[in-house]
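Read through the structure below, which is laid out as structure tokens, and then see the notes.
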Amino acid sequence: MSKEITSRAADYSQWYNDLVLKGGLADYSAVRGCMVIKPYGFALWENMRDALDKMFKDTGHVNAYFPLFIPKSFLSKEAAHVEGFAKECAVVTHYRLKNDPGGAGLVVDPEAKLEEELIVRPTSETIIWNTYKDWIQSHRDLPLLINQWANVVRWEMRTRLFLRTAEFLWQEGHTAHATREEAIIEAEKMLEVYATFAEEFMAVPVIRGVKTASERFAGAEETYCIEAMMQDGKALQAGTSHFLGQNFAKAFDVKFSNRENQLEYVWATSWGVSTRLVGALVMAHSDDSGLILPPRIAPWQVVIVPIYKGEDQKKLIDDKVKAITDELKALGIRVKYDDNDNARPGWKFAEYELKGVPVRLAIGARDLEQGVVEVARRDTKEKNVVKLEGISGYVAQLLEEIQTYMYNKAKAFRDERITPADHWDEFVRLLDEKGGFIAAHWDGTAATEEAIKEKTKATIRCIPLQNTKEEGKCIFSGAPSTQRVLFARAY
RNA sequence: CGGGAGGUAGUUCAGCCCGGUAGAAUACCUGGUUUGGGACCAGGGGGUCGCAGGUUCGAAUCCUGUCCUCCCGACCA
């Protein structure tokens, strides 16, 4: 016995915390609302980051880096933007400490007050558009397709590991275009990149949609989103892409000369995903034994555990494992050989299940004699004895199979939790008893949306793209509606 | 930010009500036996009791303040 995990049924929140902490992804820190991402969790994030970074580059984007600090005056230039972020900003007011003459230790030096206070970026639109003003003169400078990997700070009242922390890591893309159409295409394209990443790498199915006006990004004309379904029936926004119109161009006076030599405001997008995706990954797939990580982004795809009596057997196994790991590595498979003699096999089995390693190979003297190895897959917990000959090919194929299985399982779960509702009683009952997305008609007003939220805590997660049009009556007001939207309680 | 719970060894926790110089399990170290689902025996090391004040001859224990975490709520791309 050692690392007990709270079951999902007993306490879903605690289960999630247990997995993150005991699975070695992150720790709490001495700073309120901030976490330490541990090496195993960071390796997972690095794999996600690398895959996304490649996708951004493949779609023509380049990376750059803008300052952590934003002059306070910048934030207030776009009215909706300041409204949305002002309440959760960390502010730098001084630039020096000194020893208190009264002996109270280090104190802020009141004489070192900043002329203009600096905001720790909650997002970088303002500092970036202030810069773009200098970079864009002509239509020949467009489109400008830039991404940055950075940390941001949002002073949240209530935090949860990965899902909502005061400081988090993310990427933010900021692009500038000559036309409205081109900017919209960009925002939609990047949403599709996110959706592809979530589905193909994280094995998390997502719904592509647009946000309602009240859920829209502060300063955007349209916010596109991908929404995922967690195992407790709550929705989680996994990524957003915004069509910013000319709002920031106007706020920061960014104009370009078109082909007719007329000055026009630039059209903009921004888009981001964060370490919150790690939380989504945990809650979408894992079980009561621990994490279940999809092979394409798992830090270790395969772990090999030797089982032996005495040094002689150990040597024989070591030799065989060396051959196997060489084969696996040649196929680009990330493999760990755990021959630590301090822990026994049973302990290791439990440990790597907790850590969600997709495939485990156990190999002992008996196996060597018979030329076989025990292969255990984390997702289904199936165990098979497989011939050592051709094992690398078998494992490579198994990893693919696990990736597909995890996606299909999550998709079946998600699809089963999209339920249509046509009456208010049914809507409320579904939310309480079943959870998930509820597809219902909505009259399109913010007042109705707000009233539903107040009564049920459910919000409109999105209006799905390519939604089928359908005449109906609003679930709440009874007013006419042309399509169903997806409601859910959300993280 | 409001309500509740908590912070004592690396970890999980007992001790606190009723003040008297800190304990268990596990982990760790040494030696040995072990190794196919979280091993066993023997010996050993490890804690300014979150932090800062106060009361007291004496504080993990009582009082005040403060920091951090969890749960619920308010708030929140």
Side-chain angles (χ1 to χ4, degrees), chain A residues 1-6 11-14 16-18 20-22 27-35 80-81 83-89 104-105 122-125 152 154-161 163-166 168 170 172 211-220 222-227 236-242 244 270-274 276 289-290 305-311 313-314 317 338-354 360-368 370 372-374 376 381 383 385 453-454 457 459 461-462 490-491:
Chain A
M1 55 161 282
S2 70
K3 299 178 175 176
E4 288 299 314
I5 296 173
T6 307
D11 186 341
Y12 193 86
S13 292
Q14 196 51 51
Y16 173 79
N17 288 335
D18 284 354
V20 171
L21 296 169
K22 294 175 182 174
D27 255 341
Y28 294 116
S29 74
V31 184
R32 175 204 282 279
C34 297
M35 66 175 174
H81 193 67
E83 171 83 12
F85 285 105
K87 285 170 288 185
E88 49 187 21
C89 285
T123 181
S124 303
E125 273 80 2
V152 289
R154 295 178 188 180
W155 214 259
E156 301 288 352
M157 284 294 123
R158 190 174 167 190
T159 56
R160 301 199 59 186
L161 295 165
L163 298 175
R164 177 170 287 115
T165 45
F168 55 93
W170 78 343
E172 46 182 322
K211 288 290 187 189
T212 62
S214 54
E215 295 277 330
R216 205 172 280 157
F217 176 73
E222 188 86 281
T223 288
Y224 300 83
C225 63
I226 52 172
E227 292 284 327
L236 186 140
Q237 177 178 299
T240 49
S241 175
H242 315 289
L244 301 172
S270 68
W271 28 274
V273 294
S274 71
R276 182 179 227 208
S289 302
V305 177
I307 300 159
Y308 55 91
K309 295 184 174 78
E311 279 305 305
Q313 286 191 1
K314 173 73 169 29
I317 293 170
D338 186 353
D339 67 342
N340 177 359
D341 193 45
N342 296 330
R344 295 167 79 256
W347 190 90
K348 293 176 185 172
F349 294 172
E351 183 66 13
Y352 291 109
E353 276 166 16
L354 173 59
R360 179 185 74 231
L361 304 183
I363 184 162
R366 284 199 324 243
D367 302 309
L368 281 187
Q370 297 165 39
V372 296
V373 61
E374 183 191 79
K381 291 205 175 173
K383 287 194 277 198
V385 175
K453 181 180 176 183
E454 216 160 276
K457 303 210 181 300
T459 50
R461 300 319 302 157
C462 70
Y491 279 99

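Note that the coordinates shown come from a computational prediction; the quantities given were computed from them, not determined experimentally. A, B, ... follow the sequence lines: proteins, then strands. Residue 1 opens every chain.
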Would you please confirm or rule out a distance under 4.0 Å between OP1 or OP2 of [N] and any side-chain N or O of [X]?
{"X": "Lys457(A)", "N": "A74(B)", "value": "yes"}
{"X": "Lys87(A)", "N": "C76(B)", "value": "yes"}
{"X": "Arg158(A)", "N": "C72(B)", "value": "yes"}
{"X": "Asn17(A)", "N": "C71(B)", "value": "yes"}

Exercise for the section: Give a yes or no on whether Lys309(A) atom NZ has more than 12 heavy-atom contacts from other residues, nucleotides or ligands under 6.0 Å away. Expected result: no

Is it the case that [N] (base atoms only) and [X] (side chain only) share a donor and an acceptor within less than 3.5 Å, ignoring hydrogens and angles?
{"X": "Lys348(A)", "N": "G36(B)", "result": "no"}
{"X": "Arg164(A)", "N": "C76(B)", "result": "yes"}
{"X": "Arg344(A)", "N": "G36(B)", "result": "no"}
{"X": "Glu353(A)", "N": "G38(B)", "result": "no"}

Round to the nearest Å and state the distance from [X] atom [atom1] to [N] atom [atom2].
{"X": "Glu351(A)", "N": "U11(B)", "atom1": "CD", "atom2": "C1'", "answer": "13 Å"}
{"X": "Gln14(A)", "N": "G6(B)", "atom1": "CD", "atom2": "C1'", "answer": "12 Å"}
{"X": "Ile317(A)", "N": "U35(B)", "atom1": "CD1", "atom2": "P", "answer": "12 Å"}
{"X": "Phe217(A)", "N": "C76(B)", "atom1": "CZ", "atom2": "P", "answer": "16 Å"}
{"X": "Leu21(A)", "N": "C70(B)", "atom1": "CG", "atom2": "C1'", "answer": "11 Å"}
{"X": "Phe349(A)", "N": "G36(B)", "atom1": "CZ", "atom2": "P", "answer": "8 Å"}

Exercise for the section: Could you please name the partner base of C70(B), counting Watson-Crick and G-U wobble pairs only when both distances are under 3.5 Å? Expected result: G4(B)

Handout entry: Under 3.5 Å on both distances, the Watson-Crick or G-U partner of U12(B)
Key = A24(B)

Can you figure out which of [options] approaches the side chain of [X] most closely?
{"X": "Arg366(A)", "options": "G38(B), C68(B), G36(B)", "answer": "G36(B)"}
{"X": "Met157(A)", "options": "U35(B), C75(B), C72(B)", "answer": "C75(B)"}
{"X": "Tyr308(A)", "options": "G37(B), U35(B), C75(B)", "answer": "U35(B)"}
{"X": "Glu88(A)", "options": "C76(B), U35(B), G38(B)", "answer": "C76(B)"}

Practice task
Determine the contact category for Gly33(A): base if any of its heavy atoms lies under 4.0 Å from a base atom, sugar-phosphate if only primed atoms, P, OP1 or OP2 are that close, otherwise nothing.
Solution key: sugar-phosphate

Practice task
Would you indicate what Thr223(A) reaches in the nucleic acid, counting non-hydrogen atoms under 4.0 angstrom: base, sugar-phosphate, or nothing?
Solution key: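 It contacts nothing in the nucleic acid.
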
Practice task
Give a yes or no on whether a salt bridge exists between Glu353(A) and Arg360(A), defined as a side-chain N under 4.0 angstrom from a carboxylate O.
Solution key: yes

Handout entry: N-O pairing of Lys211(A) and Glu227(A) below 4.0 Å
Key = yes

Practice task
Would you check if the side chain of His81(A) reaches a backbone N or O of Gly219(A) as a donor-acceptor pair within less than 3.5 Å?
Solution key: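 Not at all, since once roles are kept as given, no pair shorter than 3.5 Å links the two residues.
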
Fill in the blank from the handout: Nearest heavy-atom contact between Ser29(A) and Cys34(A) is OG-O, 2.5 Å

